[in-house]
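The figures that follow rest on heavy atoms only: side chains count, while hydrogens, waters and symmetry mates do not. Position 1 is the first residue of the sequence, and the numbers go up from there. Model, not experiment: these values are computed from the prediction.
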Amino acid sequence: MTRLSVEMLAADAPEPITSAGHAQLGIAVLAGIAVIVLLITKSKLHAFLALTIGSLALGAIAGAPLDKVLTSFSTGLGTTVAGVGVLIALGAILGKMLADSGGADQIVDTILAKAGGRSMPWAMVLIASVIGLPLFFEVGIVLLIPVVLMVAKRGNYSLMRIGIPALAGLSVMHGLVPPHPGPLVAIDAVKADLGVTLALGVLVAIPTVIIAGPLFSRYAARWVDVPAPDRMIPQRASEDLEKRPGFGATLFTVLLPVILMLAKALVDIVIDDPENLVQRVFDVIGAPMIALLASVLVGIFTLLRPAGFSKERISPLVEKSLGPIAGILLIVGAGGGFKQTLIDTGVGQMVLDISKDWSIPALLLAWLIAVAIRLATGSATVATVSAAGLVAPLAADMSTTHAALLVLAIGAGSLFFSHVNDAGFWMVKEYFGLSVGQNIKTWSVMETIISVVAGGIVLLLSLVI
């Protein structure tokens, strides 16, 4: 296996807003995270306020000018909300439409009729993996969470027994399998073969998602036994509803964003010409916001109209759907602000400097660098993109299969131990109604299992292929 010191790797690190030494930066990172955790767990402060205060504490201890810390936090918050805020809002509207029309009931009743008992976690991981293949993680969550919560509630299942397999399916697809943006960027950076990476990614993903999903959910359900939060569960359609949309129409509406985004990914792969008219059209209709918006508009005719909704009832429905997500938007945004503060204070460069003297197997090195950046910044995509840039020279003398495995090692490392600086951490916590400690024992441990298992499988495959 190829070996190379990090000294030979190249990186385009962001300009830090402070020239603090490594020791001071390390203390600042630990202190910032500690402030957030203590404010939430001990002082019972709202997570939005805790993340804001923790970001300021991080910058102050790192010795950064306060005005630049505020700029970093605001930039991160704005970028995060811009990236996922509209998606969360559209997902909430679609979820409300599914609930009030009876479409969600139709999906849940059909799933419960076809699968039950021990097979339900396996059904959830399969559904999540298929839906999550072309979707951003955040989009997959907003589409799947209502179904997960209702299946758990109405089927009398443990929330963790149902929720963990669904989250595992989404997360594994996000980190390991193209056409997700992280793996695609890594493939381009190391000049790996897309088809080989996709095939090996699926090979690694299958055992990984089984272990981290249905199998781990047994233990997660014992460690954290909580009911599905009523505030996030769309209420069952009124019993006096004369009719509800059919299963086929409802499933089509839910899968429409998946179809559009998958079509965009396939067109990008097949045509690969930004000036081509067909590709430009699919780049628009396959964008997450447009795809979800299309699903909402189609839902008016496939969900609301068949259920007997008049035009006058649509606007109030949309208004009611947006109220419950206000807190989630602020928390997710503040998590993005904390992440950006970490990046701008020079934490990424610190990780690179500390690891200069390492000399270890290439795939393990790629995994460790991705893990370090993931822990420091909280972003799986940032970890993937940054690590791919760092280790790209390693692929120069690699075979086609080992270059693909290098991409997968980076993707596996990028999923390691999601915690308070990850926007996904807060989305899962709020949607499932968990405390910080409960979320760490379930979601964070699940992410770590995915990272370690996938990384281990990649290393094993490198020995035999």
Side-chain angles (χ1 to χ4, degrees), residues 12-18 28-29 32-33 35-36 39-40 45-60 62 64-93 135-142 174 180-182 185 284 287-293 321-349 373-374 376-386 414 418-431:
D12 295 322
E15 183 72 23
I17 60 176
T18 173
V29 171
I33 294 174
V35 166
I36 293 170
L39 287 176
I40 294 173
L45 198 64
H46 191 272
F48 170 71
L49 295 176
L51 284 163
T52 303
I53 295 171
S55 299
L56 296 176
L58 166 66
L66 187 57
D67 59 333
K68 293 188 176 181
V69 174
L70 291 173
T71 299
S72 291
F73 179 79
S74 300
T75 300
L77 187 150
T79 301
T80 302
V81 173
V84 303
V86 176
L87 303 182
I88 292 175
L90 290 172
I93 295 171
L135 294 181
F136 288 106
F137 180 78
E138 292 83 0
V139 182
I141 282 186
V142 299
H174 173 71
H180 279 285
V185 170
V284 173
M289 184 182 75
I290 298 300
L292 272 170
L293 178 61
S321 70
L322 297 178
I325 66 169
I328 294 176
L329 281 174
L330 287 173
I331 292 171
V332 170
F338 183 60
K339 177 199 72 178
Q340 191 62 42
T341 305
L342 283 166
I343 294 173
D344 289 350
T345 49
V347 174
Q349 186 61 41
I373 298 173
R374 160 70 157 180
T377 67
S379 171
T381 301
V382 169
T384 300
V385 173
S386 301
S414 75
S418 164
H419 61 99
V420 296
N421 62 352
D422 178 17
F425 178 93
W426 299 104
M427 288 186 73
V428 173
K429 174 189 175 298
E430 293 302 310
Y431 272 125

Can you give me the closest heavy-atom contact between [X] and [Y], atom names plus distance?
| X | Y | result |
| --- | --- | --- |
| Leu329 | Gly85 | CD2-CA, 3.4 Å |
| Gly333 | Val81 | CA-CG2, 3.8 Å |
| Ala28 | Ala62 | CB-N, 3.7 Å |
| Met427 | Ile141 | CE-CG2, 4.2 Å |
| Phe73 | Ala334 | CE1-O, 3.7 Å |

Considering residues at least two apart in sequence or located in another chain, which fulfil the side-chain contact (heavy atoms from CB on, under 4.5 Å) criterion with [X]?
| X | result |
| --- | --- |
| Ala291 | Pro257, Leu260, Met261 |
| Leu330 | Phe48 |
| Leu39 | Val35, Ser43, Leu45, Ala50, Ile53 |
| Ile33 | Val29, Val37, Phe338, His419, Val420 |

Practice problem: To the nearest 0.5 angstrom, please state how far the NE2 atom of His46 sits from the OG1 atom of Thr52. | Solution: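 It comes to 10.5 Å.
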
Quiz item: Are the side chains of Leu77 and Gln340 in touch, meaning some heavy atoms are under 4.5 Å apart?
Solution: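 SC-SC contact between Leu77 and Gln340 ruled out.
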
Exercise. Could you check if a side-chain atom of Leu56 sits within less than 4.5 angstrom of a side-chain atom of Leu66, using non-hydrogen atoms only?
Key: yes

Self-check item: The single option from Asp422, Thr384, Asn421 passing side chain to side chain contact (heavy atoms under 4.5 Å, CB included) against Arg374
Solution: Asp422

Quiz item: side chain to side chain donor-acceptor pair (under 3.5 Å) with Ser55: which residues, sequence neighbours excluded?
Solution: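 Partners of Ser55 under the side chain to side chain donor-acceptor pair (under 3.5 Å) test: none.
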
Exercise. Only counting residues at least two apart or in another chain, list the ones meeting side chain to side chain donor-acceptor pair (under 3.5 Å) with Ser72.
Key: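 Only Asp344 meet the side chain to side chain donor-acceptor pair (under 3.5 Å) criterion with Ser72.
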
